[in-house]
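Written below as structure tokens is the structure these notes are about.
Everything numeric in this text was worked out from a predicted model, so none of it was measured.
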Amino acid sequence: MENVFNVFSDETRKEFKWEGLGDIKHGRGDLGIEMPVIVYRLMQFTLLDALSSELGLEKANEFFRTAGYKAGTEFAQNVLTLDMDFDSFVSHLQEQLKTLKIGILRMESYNAEDGSIVLTVAEDLDCSGLPITNENVCVYDEGFISGILEAYTGTVYEVRETDCWASGDRVCRFSAVPVTVSATQTS
């Protein structure tokens, strides 16, 4: 019997491309393009659990952040208009995140001099409604936001969650800081 999952084996693995998501409208004619958040979280949290069991939480979070970055980059390149001024881009991003039910974005601050940004996401896919565990859990979102910002600005951003629903806040707050790459690192 042919292995239907052979696209994930080491021999045939291909880098993720947006087109690989397929034609969801065609493939899910009766069920449609949306699904409950609980199903998304079930996949996300069980995957994190499996990775954490094998690799430890720190390494699992690193993988989640990397996956989020790739998703954010692809999302920006395939869903967003990247040739807008900053204010228009933020409005466009807010609209797309809300339309796709990812979350409600609010820009708290932007420092034009150094490019640093503080933003919040309310009703976040990953954590809104979770029990309070006194931890920040949105590492995938850190990567996602970093990928979007880099795709728009051409600058690498380090994004870290500073407040989270799971830590007792009612929004997720992220600090995004441009990473300075030295001349020796680029050669």
Side-chain angles (χ1 to χ4, degrees), residues 16 18 21 24-25 28 31-48 61 63-112 114-178:
F16 172 80
W18 188 263
L21 295 175
I24 298 169
K25 285 182 183 178
R28 291 177 50 98
L31 295 177
I33 63 170
E34 295 182 2
M35 66 173 197
V37 172
I38 196 167
V39 177
Y40 166 81
R41 287 186 184 174
L42 180 65
M43 187 257 336
Q44 181 187 37
F45 294 153
T46 56
L47 182 57
L48 181 60
N61 280 339
F63 279 116
F64 262 60
R65 196 174 287 112
T66 299
Y69 169 82
K70 181 68 174 177
T73 301
E74 290 287 327
F75 178 82
Q77 293 170 347
N78 290 281
V79 175
L80 302 175
T81 303
L82 299 175
D83 60 352
M84 307 172 133
D85 65 81
F86 185 74
D87 290 339
S88 298
F89 176 75
V90 170
S91 293
H92 177 55
L93 177 58
Q94 288 172 319
E95 178 183 310
Q96 291 302 314
L97 293 178
K98 188 172 183 181
T99 297
L100 293 171
K101 300 180 181 180
I102 295 170
I104 300 170
L105 175 72
R106 186 173 139 249
M107 186 69 57
E108 285 195 348
S109 67
Y110 170 65
N111 183 327
D114 68 6
S116 63
I117 298 169
V118 176
L119 56 89
T120 63
V121 180
E123 299 186 36
D124 181 88
L125 258 178
D126 292 348
C127 72
S128 294
L130 287 180
I132 295 175
T133 58
N134 297 316
E135 60 187 334
N136 293 345
V137 300
C138 299
V139 293
Y140 181 88
D141 293 349
E142 291 174 346
F144 187 73
I145 294 165
S146 177
I148 290 170
L149 292 175
E150 184 175 337
Y152 174 67
T153 65
T155 300
V156 175
Y157 272 81
E158 181 174 331
V159 177
R160 291 296 179 258
E161 185 178 36
T162 59
D163 297 307
C164 182
W165 184 288
S167 69
D169 291 286
R170 289 301 171 249
V171 296
C172 296
R173 181 169 287 104
F174 298 90
S175 171
V177 179

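In this structure, Asn134 and Ser167 have side chains that are not in contact, with every pair of non-hydrogen atoms separated by 4.5 Å or more. Asn61 places a side-chain heavy atom less than 4.5 Å from the side chain of Leu48. Under the 4.5 Å side-chain criterion, counting only non-hydrogen atoms from C-beta, Arg28 is not in contact with Ile33. Counting heavy atoms from C-beta outward, Phe45 and Val137 have side chains that stay 4.5 Å or more apart. At least one side-chain heavy atom of Leu105 sits under 4.5 Å from a side-chain heavy atom of Leu93. Here the side chains of Val37 and Leu125 are in contact, with some heavy-atom distance below 4.5 Å. Within the 4.5 Å cutoff, no side-chain heavy atoms of Thr155 are placed close to those of Leu149. Between Leu47 and Phe64 the shortest side-chain heavy-atom distance falls below 4.5 Å.
When the ring pair (Phe, Tyr, Trp, His ring centres under 6.0 Å) test is applied to Tyr40, no partner is found at least two apart in sequence or on another chain. Under the rule for a salt bridge (Lys or Arg N to Asp or Glu O under 4.0 Å), the partners of Lys101 that lie at least two apart in sequence or sit in another chain are Glu34. Every residue was checked against the side-chain contact (heavy atoms from CB on, under 4.5 Å) condition with Pro131, not counting sequence neighbours, and none meets it. Annotation: salt bridge (Lys or Arg N to Asp or Glu O under 4.0 Å) contacts of Asp163 (sequence neighbours excluded): Arg173. Applying the ring pair (Phe, Tyr, Trp, His ring centres under 6.0 Å) test to Phe63 and every residue at least two apart in sequence or in another chain returns nothing. Listed by chain and residue number, Thr46 satisfy the side-chain contact (heavy atoms from CB on, under 4.5 Å) test with Leu42 (two or more places apart in sequence, or in another chain). Every side chain to side chain donor-acceptor pair (under 3.5 Å) that Ser116 has, sequence neighbours left out, goes to Asp114.
Here the side chain of Arg170 pairs no donor or acceptor atom with the backbone of Cys164 at under 3.5 angstrom. Here the side chain of Ser146 pairs a donor or acceptor atom with the backbone of Tyr157 at under 3.5 angstrom. A distance-only check finds no donor-acceptor pair linking the side chain of Tyr140 to the backbone of Thr66 [under 3.5 Å]. Looking only at distances, no side-chain donor or acceptor of Gln94 sits under 3.5 Å from a matching main-chain atom of Ile104.
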Walk me through whether Cys138 and Phe174 qualify under side chain to side chain contact (heavy atoms under 4.5 Å, CB included). CA-CA 10 Å; Cys138 299; Phe174 298 90; 4.1 Å; yes
Ile117/Glu108 under side chain to side chain contact (heavy atoms under 4.5 Å, CB included): CA gap, chis, key distance, verdict: CA-CA 8 Å; Ile117 298 169; Glu108 285 195 348; over 6 Å; no
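Here the closest non-hydrogen pair linking Ala151 and Leu82 is O-CD1, 3.9 Å. Residue Phe89 comes nearest to Thr81 through the heavy atom pair CD1-O, 3.5 Å, listed as atom of the first residue, atom of the second, then distance. The nearest pair of heavy atoms linking Leu80 to Gln96 is CD2-CG, 3.7 Å.
For the salt bridge (Lys or Arg N to Asp or Glu O under 4.0 Å) condition, the pairs that include at least one residue of residues 137-159, sequence neighbours left out, are Arg65-Glu142, Glu142-Arg160, Glu158-Arg160. Judged as a salt bridge (Lys or Arg N to Asp or Glu O under 4.0 Å), not a single pair has a partner in residues 117-126 (not counting sequence neighbours). Within the structure, the salt bridge (Lys or Arg N to Asp or Glu O under 4.0 Å) test picks out no pair touching residues 78-97 (sequence neighbours left out). The salt bridge (Lys or Arg N to Asp or Glu O under 4.0 Å) analysis of residues 128-140, with sequence neighbours excluded, yields no pairs.
With a 6.0 Å radius and a threshold of 12 heavy atoms from other residues, nucleotides or ligands, Ile38 has its CD1 atom at or below the threshold.
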Output a table of donor-acceptor pairs, distance under 3.5 Å, between side-chain atoms of residues 70-77 and any protein atom two or more places apart or on a different chain; print 'none' if there are none.
residue : atom : partner : partner atom : Å
Lys70   : NZ   : Glu15   : OE2          : 2.8
Thr73   : OG1  : Tyr69   : O            : 3.0
Glu74   : OE1  : Trp18   : N            : 3.3
Glu74   : OE1  : Asn78   : ND2          : 3.3

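With rounding to the nearest 0.5 angstrom, the OG atom of Ser91 is 8.5 Å from the CE atom of Met84.
Between Phe86 and Tyr152, the ring planes lie tilted relative to each other; the angle falls in the 30° to 60° range.
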